[in-house]
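Below, chain A is the first sequence line, B the second, and so on; all start at residue 1. Bear in mind that the values here come from a model prediction, so they are computed numbers and not experimental data.
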Amino acid sequence: MTTALHVYHSVTRQKELFIPETPGFIGMYVCGPTVYNDVHLGNCRTFVSFDIIYRYLQTIGYQVRYVRNITDVGHLLDDGEDRMSKGARLEKKEPMEVAQKYTVGFHNMMRIFQTLPPSIEPRATGHIPEQIEMVETILKNGLAYIKNGSVYFDTQKYMYNKGDYGVLSGRKIDELLSETRDNLKNQSEKNHPADFAIWMKASDEHIMRWNSPWGIGFPGWHLECSAMSLKYLGEVFDIHGGGNDLKFPHHENEIAQNMGSCQCKGAKYWLHTNMLLLNGKKMSKSDGNTISPEQLFTGNSEHISKSYSPMVVKFFMLQCHYRSTLDLTDAALLAAEKGYKRLMEAYKWLLNINHPGTNGDFSQDAEINTLIESAHLDMADDFNTPKALSRLFELVNKLNSLKDKHIGWEQISPATFENIKQVFSLFINDLFAVDIDVEGDLTGNQDKSLLDGLMNLIIQMRNDARLRKDWATADLIRDALKENKVELKDGKDGSSWQVTES
RNA sequence: GGUCGGGUGGCCGAGUGGCUAGGCAGAGGUCUGCAAAACCUCGUACGACGGUUCGAAUCCGCCUCCGACCUCCA
């Protein structure tokens, strides 16, 4: 597949032809979670999006180094308290215990969503020397200043030296001056409101602390990503991703730090995922407008009428482009669940069927192959998963027509049928990875020979009854099976069965 | 208040200067012992007002509504 890949670059605000720094290789950095709490559903959307980007880049032949960090220090709250420290205080644990607990929880959630682990998952606390070194370099370059044991990035000087603070977010430094509220801690220490801490002095009660040339302290939040991306991906790498809300100040500051330390811009392409809304509004714990992944899976929430499996939730996310806001509602999830079921039913049928080798005019070939090609092109066009999915659904329609004999085998060549199998396998298995739910394998790949044998027996007995026109017995069997969450469907080629989800 | 991004049919959501998105829901039909599923057909659309154009829902302006960011946030 030699399709030209285009990605939407947040700095230029347009789609651009993707050209890797080193042919054949891609370095990708994505801002990972701050492990002070259970992983947020919106966070899951971001990581699912980048997982698909990661998988796609590999599919088209790139060797990808995917770095996604774990933030376990430096991320401060409004009141200046470190998120990790606060978590530790509330749970009466060591900060590292808190980090470990939520890191494990995060990994588990990523597994449930069927995302691949990144190539490297560095922790901020494991890279203190690298961060100190970067602060020293920025100081040496004259773009930072020391105040009372803290080190601040000097945005004024950076601009004076032709730095471009605001390239990503479109913010002007003069405007920041007038807009910034002055209720922030340490605000008075800064020379300019737009300056930001790259190293902070630790107060006596601050438990996460390290020695540094400037005294005991801890790294600024924005610094870790600059230091770790530099260490593992080099001065210039291909893709930097994260949620939309990280653009400012986090990513803007990251660019400034990279330029300030090594005169290198870091990422060539900045990709940002959009927000996940709940009933049209931003999720917020304070006003109750929030739902956790667990609540979705268990149905234990006032916002939804039933439980939804992880793969349905993932499918729901994929039906929307990563750069659009996605509104999560019960109605939308219900619709997604039905669509997902239809897609997977067709896929399941496809897996177990082979072309009989019939000859014919193959009149469907052209249309089908165009759909397949389009699905690939959609992915190359800034990873347009909803559009690619729409092609798959058009193929589902073809498959169902074939199944119902509205389309004959003579209308599809064996080669084209094989193409359909390949594209379904590629998208459902390799790219979207929506085929396996934690509670079981919906494609029927798991060893269930015993169950198959029993079901075949039951279906045979019921069909005997149907031949005798003993409808009462036939319906009794079907109803009883339904009670036990097994649904029977009588088709032209005999009866099929499946375990129902809810 | 500033910056940015949006408002698409009953719902969710793509996309485009003239050519079907797709899913869910709805109407009619086919198949079927019934049911379910599936298939076929159909309808409803691009926030308001101006402008550019042979032609705009798609470009421009203005208005309005919504969201994100500006303060920790994916």
Side-chain angles (χ1 to χ4, degrees), chain A residues 10 13 30-34 36-37 39-50 75-83 86 166 169-172 175-176 178-181 183-184 221 241-250 252 272-277 280-285 315-316 319-321 323-343 345-346 349 374 378 381 384-394 396-397 399-407 466 469-471 474-475 478-479 482 487-492 495-496 498:
Chain A
S10 297
R13 297 199 177 100
V30 174
C31 290
T34 301
Y36 70 106
N37 209 334
V39 63
H40 185 96
L41 187 63
N43 229 159
C44 293
R45 182 194 181 195
T46 295
F47 299 136
V48 161
S49 296
F50 282 105
H75 202 158
L76 303 185
L77 293 159
D78 281 346
D79 56 8
E81 185 171 14
D82 188 291
R83 280 177 184 271
K86 183 175 184 182
S169 58
R171 262 162 247 273
K172 300 280 176 287
E175 289 166 0
L176 285 168
S178 54
E179 291 156 20
T180 306
R181 300 178 192 172
N183 58 353
L184 293 172
W221 172 43
N244 218 206
D245 49 356
L246 289 182
K247 266 187 195 167
F248 189 89
H250 186 57
E252 196 70 60
H272 288 96
T273 56
N274 217 136
M275 299 295 106
L276 179 66
L277 306 179
K281 285 184 182 165
K282 178 183 164 170
M283 289 200 205
S284 158
K285 277 185 186 167
F315 174 83
F316 168 71
Q319 276 194 307
C320 174
H321 189 88
R323 275 191 289 114
S324 298
T325 51
L326 172 60
D327 190 11
L328 188 141
T329 61
D330 192 52
L333 282 168
L334 278 169
E337 183 173 57
K338 291 193 178 179
Y340 172 72
K341 200 172 159 189
R342 196 157 97 91
L343 178 69
E345 282 281 300
W349 179 79
S374 301
D378 294 332
D381 181 19
N384 197 327
T385 58
K387 210 168 174 188
L389 267 178
S390 79
R391 315 290 191 190
L392 289 188
F393 271 105
E394 294 197 49
V396 164
N397 185 268
L399 289 175
N400 284 334
S401 293
L402 194 59
K403 186 177 167 188
D404 278 9
K405 305 193 194 309
H406 295 122
I407 291 179
R466 291 174 71 207
K469 295 195 189 297
D470 180 1
W471 309 126
D475 291 349
R478 187 173 60 197
D479 292 346
K482 192 163 190 178
E487 191 177 12
L488 274 189
K489 292 174 193 169
D490 300 329
K492 284 181 179 170
S495 305
S496 65
Q498 70 171 128

Asks: Please list, chain by chain and in numerical order, all residues satisfying side-chain hydrogen bond (donor to acceptor under 3.5 Å, both in side chains) with A:Thr46, sequence neighbours excluded.
Replies: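 A:Thr46 satisfies side-chain hydrogen bond (donor to acceptor under 3.5 Å, both in side chains) with A:Thr273 once adjacent residues are dropped.
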Asks: Name the nucleic acid region contacted by A:Gly42, choosing base, sugar-phosphate or nothing; use a 4.0 angstrom heavy-atom cut-off, strictly under.
Replies: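 Since a base atom lies under 4.0 Å of A:Gly42, the category is base.
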Asks: Enumerate, in order of first residue number, the stems that involve RNA chain B, defined as 3 or more consecutive Watson-Crick or G-U wobble pairs with both distances under 3.5 Å.
Replies: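 Stem segments, range with range: B:1-7 with B:64-70, B:10-12 with B:22-24, B:26-30 with B:38-42, B:49-51 with B:59-61.
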Asks: Determine, for nucleotides 33-39 of chain B in 5'-to-3' order, which nucleotides have protein heavy atoms under 4.0 Å from the base (write B), from only the sugar-phosphate (write S), or from neither (write -).
Replies: BBBB-BS
Asks: Using a cutoff of under 3.5 Å, can you pull out all pairs of nitrogen or oxygen atoms linking the protein to nucleotides 58-61 of chain B, with atom names and distances?
Replies:
none

Asks: Taking atom C1' in both B:C11 and B:U53, what distance in whole Å separates the two?
Replies: 35 Å
Asks: Taking B:C49 as the reference, what is the distance to B:C54 when you measure between their C1' atoms (whole Å, please)?
Replies: 23 Å
Asks: Using a heavy-atom cut-off of under 4.0 Å over every strand shown, decide if A:His321 touches base, sugar-phosphate, or nothing.
Replies: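 Sugar-phosphate, no base atom in range.
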Asks: Distances for protein N/O vs nucleotides 66-69 of chain B N/O pairs under 3.5 angstrom?
Replies:
{"unit_1": "B:C69", "atom_1": "OP1", "unit_2": "A:Lys282", "atom_2": "NZ", "d": "3.0"}
{"unit_1": "B:C69", "atom_1": "O2'", "unit_2": "A:Arg171", "atom_2": "NH2", "d": "2.8"}

Asks: Need one value for A:Ser49: base, sugar-phosphate or nothing, where a base atom within 4.0 Å counts as base even if backbone is also close, heavy atoms only.
Replies: nothing
Asks: Pick base, sugar-phosphate or nothing for A:Leu276, based on heavy-atom distances below 4.0 Å to the nucleic acid.
Replies: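 The residue A:Leu276 makes base contact.
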Asks: Mind checking side-chain contact (heavy atoms from CB on, under 4.5 Å) for A:Glu394 and listing every partner two or more places apart, or none if nothing turns up?
Replies: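 Once residues adjacent in sequence are excluded, the partners of A:Glu394 under the side-chain contact (heavy atoms from CB on, under 4.5 Å) criterion are A:Leu371.
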